[in-house]
Structures are given as C-alpha cells and as structure tokens.
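Everything on this sheet refers to the single structure shown next.
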Amino acid sequence: MCGRASLSKVEKELEKRFMASFYSADLERYQLLPSYNIAPTHLHPVITNEDREHLQYFRWGLIPYWAKEAGIGSRMINARLETITEKSAFKHAIQYRRCIIPFDGFYEWKKIDRAKVPYRIHLKDQAIFAVAGIWEKWLSPTEEIIFSFSVITQPANTFMAPIHDRMPAILLAEDEQRWIDPTLSTEDALQLIQPYPDDAMQAYTVSERVNKVRENDIDLIKEVPYKAPPKQGTLF
C-alpha cells in the first residue's frame, strides 16, 4: 500500500523536470507545494494521457465514473498491478486514462516488535520520480466535476521487502512518456512496470508526526533515528 508521500519541490522544478507547465489558473488558485505529507483526498499534480503538456491538480483517491457518491474514493487510493485489469473501478481507466504522478519520496511503516515505525523512501539522488497511475472524471449528482487518481502498486522489490511487501510502481525516466502515450496498448503499458532498481533507492526512519495528516513541514522528511521503547521488567 502507498498512502503517504512527499513532494518537497516547487512548481518550477516540476515544470523543468517533466517539460510540462501548470495552468496559470491553477497556480493562482492552489499553493500546495512543497508538501511533506501528501495523503488521500489531497489535491496533487499529475500529467495525463489526454494532456501531456500540462500538470494538473487531481484528487488522490479515484472515484469511478459509475460511483453514486465521492466517498468511495477514499477506498481507491491504490490499484494493485496484479488485478488492475479485472477490478470494475480500474479496468476502464487502465485502458483509457493513465497518468504519471510526481513524488520525491513516499512513506511506509515497518513493524518492529509491537511498533509501526515510519520510513521515508526516496531515490539516492533525491530526484523527483514518476509513479504510474490511473485517473478518472466523475460527475456528482449536483453536476460538480471531480478529477481523481489512484497510485498503482506492485510487489516490493528486494530493497523494499524488509520494510513492506508492496510499493508504488515507480517508472524509469525513459518510460514515463510511454506510459501516458494514448496509442500504447494496455498490455504494452503494463509491461513498463518492472521492479525498480534496488541500488537506486534509500530509506530512513522519520518522526512519528508523519502519522498525523495535519502535520506538514520540512522536518517530516528529516531522519529521526528509531528508539525502541524500554522493555518492561518482570515481577519474578
């Protein structure tokens, strides 16, 4: 599962990295970057197969076009690679509505004894990377249009496996534009998702403050060594 992430860069850096621009209206309306604790239901920039020249703010948590209410999106934050072509919420989006999602890190929790210890995982060069995603356009009963997305996840690579058994589907830089190529078949697109190179990744423990969605400051991405709680003694 991928349920928290970071993007500690600003809009200009994203525009340079992806050779795409934000709509001026979005820049005036939203001031969301940098963000150190991105969570489901938050707005986040994506690039879609229908508009490859622009970064647009979509809501994290895909709302299927057939949904009766928006709340279903909170349960659709991830789409598993293994079943994405079978699930009714995702099978049309993977064919017709693919997107790339920029992050520069994501969080996962490792079970150590009885604790769940937060880790931040990023690339060794600290660069922005793109995760494979799918998106949807939903029309509410009140005729409000909501654009939303899901992060595609895959089994953990060797590096991630000691932390968690799944990870977001990070694309190689040379495959990013192919993922959102509208002429690429679903089968060929899914072949682009491979285990990300282990030697390109790093991880470190961070503050437990990341557990709280309202916390969002640069200290969240700083390393905080994990301290195991003292073991309780026995009476006998």
Side-chain angles (χ1 to χ4, degrees), residues 1-5 7 11 14-15 18-33 35 38-81 83-103 106 130-154 168-171 175-190 192-193 213:
M1 180 177 177
C2 176
R4 295 290 176 81
L7 186 52
E11 287 85 355
L14 265 68
E15 290 180 329
F18 293 103
M19 300 297 292
S21 62
F22 283 89
Y23 286 103
S24 57
D26 282 353
L27 291 178
E28 293 173 5
R29 182 179 181 184
Y30 305 116
Q31 296 182 355
L32 303 176
L33 297 177
S35 183
I38 306 159
T41 74
H42 288 183
L43 293 175
H44 186 73
V46 302
I47 303 176
T48 75
N49 60 307
E50 289 191 357
D51 190 351
R52 300 166 70 184
E53 296 182 355
H54 292 96
L55 289 136
Q56 302 178 75
Y57 280 104
F58 284 12
R59 174 175 162 171
W60 187 0
L62 186 142
I63 308 171
Y65 69 90
W66 43 257
K68 289 185 168 60
E69 49 89 28
I72 193 174
S74 63
R75 304 192 299 274
M76 303 290 177
I77 65 172
N78 294 160
R80 294 173 68 96
L81 175 66
T83 57
I84 196 169
T85 59
E86 303 167 8
K87 299 293 185 180
S88 60
F90 304 136
K91 64 182 181 181
H92 294 291
I94 189 59
Q95 292 184 59
Y96 306 114
R97 292 176 290 280
R98 294 191 294 269
C99 64
I100 53 177
I101 307 156
F103 293 139
F106 63 96
V131 171
I134 52 177
W135 65 277
E136 190 59 84
K137 176 182 177 181
W138 181 71
L139 182 65
S140 77
T142 60
E143 299 191 348
E144 176 189 9
I145 296 174
I146 298 178
F147 293 93
S148 59
F149 70 91
S150 284
V151 169
I152 296 177
T153 65
Q154 64 183 128
I170 304 174
L171 294 164
D175 291 333
E176 293 168 0
Q177 289 299 313
R178 293 188 65 201
W179 176 258
I180 54 174
D181 181 347
T183 67
L184 192 67
S185 70
T186 303
E187 293 75 17
D188 288 341
L190 292 176
L192 299 177
I193 299 178
V213 175

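Keep in mind the model is a prediction, meaning the values are calculated, not measured. Each residue takes its place number in the sequence, starting with 1.
- Here the CG-OG distance, from Asn78 to Ser150, works out to 7.0 Å after rounding to the nearest 0.5 Å.
- Ile170 places none of its side-chain heavy atoms less than 4.5 Å from the side chain of Phe103.
- Nearest heavy atom pair, residue Leu27 against residue Glu11, reads CD2-CG, 3.5 Å.
- For the pair Pro182/Arg98, no side-chain contact is recorded, criterion being any heavy-atom separation below 4.5 Å from C-beta on.
- The closest side-chain heavy-atom distance from Val213 to His42 is below 4.5 Å.
- Here Arg59 contributes atom CZ and Thr41 contributes atom OG1; the two are 6.0 Å apart, rounded to the nearest 0.5 Å.
- For Phe18, the ring-ring contact (aromatic ring centres under 6.0 Å, His included) criterion is met by no residue, not counting sequence neighbours.
- Residue Ser148 comes nearest to Leu62 through the heavy atom pair OG-CA, 3.3 Å, listed as atom of the first residue, atom of the second, then distance.
- Checked by atom type and distance alone, the side chain of Ser185 pairs as donor or acceptor with a backbone atom of Asp188 at under 3.5 Å.
- A distance of 4.5 Å separates NZ in Lys137 from CD1 in Ile145, rounded to the nearest 0.5 Å.
- For the pair Leu32/Ile38, no side-chain contact is recorded, criterion being any heavy-atom separation below 4.5 Å from C-beta on.
- Of all heavy-atom pairs between Glu176 and Ala130, the closest is OE2-CB, 3.5 Å.
- Looking at Val131, Leu184, Ile193 one by one, the single match for side-chain contact (heavy atoms from CB on, under 4.5 Å) with Trp179 turns out to be Ile193.
- Side-chain contact between Phe90 and Arg80 is absent, with no heavy atoms from C-beta onward closer than 4.5 Å.
- With values rounded to the nearest 0.5 angstrom, His44 atom NE2 is found 8.5 Å from Tyr57 atom OH.
- Residues satisfying the ring-ring contact (aromatic ring centres under 6.0 Å, His included) criterion with Trp135, sequence neighbours excluded, are Phe58.
- Put simply, CD on Gln56 and OG on Ser21 are 10.0 Å apart, with the number rounded to the nearest 0.5 Å.
- Heavy atoms from other residues, nucleotides or ligands lying under 6.0 Å from OH of Tyr96 number 12 at most.
- Counted within 6.0 Å of CD on Glu69, heavy atoms from surrounding residues, nucleotides or ligands total more than 12; the atom is thus considered enclosed.
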Decide side chain to side chain contact (heavy atoms under 4.5 Å, CB included) for Arg97 and Thr48; before the verdict, give the C-alpha distance in whole Å, the side-chain angles of both, and the deciding distance to 0.1 Å.
CA-CA 7 Å; Arg97 292 176 290 280; Thr48 75; over 6 Å; no
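- What you find for Asp51 and His54 is that their closest heavy atoms are OD1-ND1, 2.9 Å.
- Residues meeting the side-chain contact (heavy atoms from CB on, under 4.5 Å) test with Ala67, sequence neighbours left out: Ile63, Pro64, Ile72, Trp138.
- The NZ atom of Lys91 sits 13.0 Å away from atom CD1 of Ile84, with the distance rounded to the nearest 0.5 Å.
- Ile100 and Ile180 make their closest contact through N-CG2, 3.9 Å (heavy atoms, listed as atom of the first residue, atom of the second, distance).
- Residues Ile94 and Leu190 are in side-chain contact: their nearest non-hydrogen atoms beyond the backbone lie under 4.5 Å apart.
- Between Trp60 and Phe149, the ring-plane angle classifies as parallel under the 30° and 60° cut-offs.
- Between His92 and Tyr65 there is a side-chain heavy-atom pair separated by less than 4.5 Å.
- Shortest non-hydrogen contact noted between Ser74 and Ile77 is O-CG2, 3.8 Å.
- Looking at Leu33 and Pro45, their side chains come closer than 4.5 Å, going by heavy atoms from C-beta outward.
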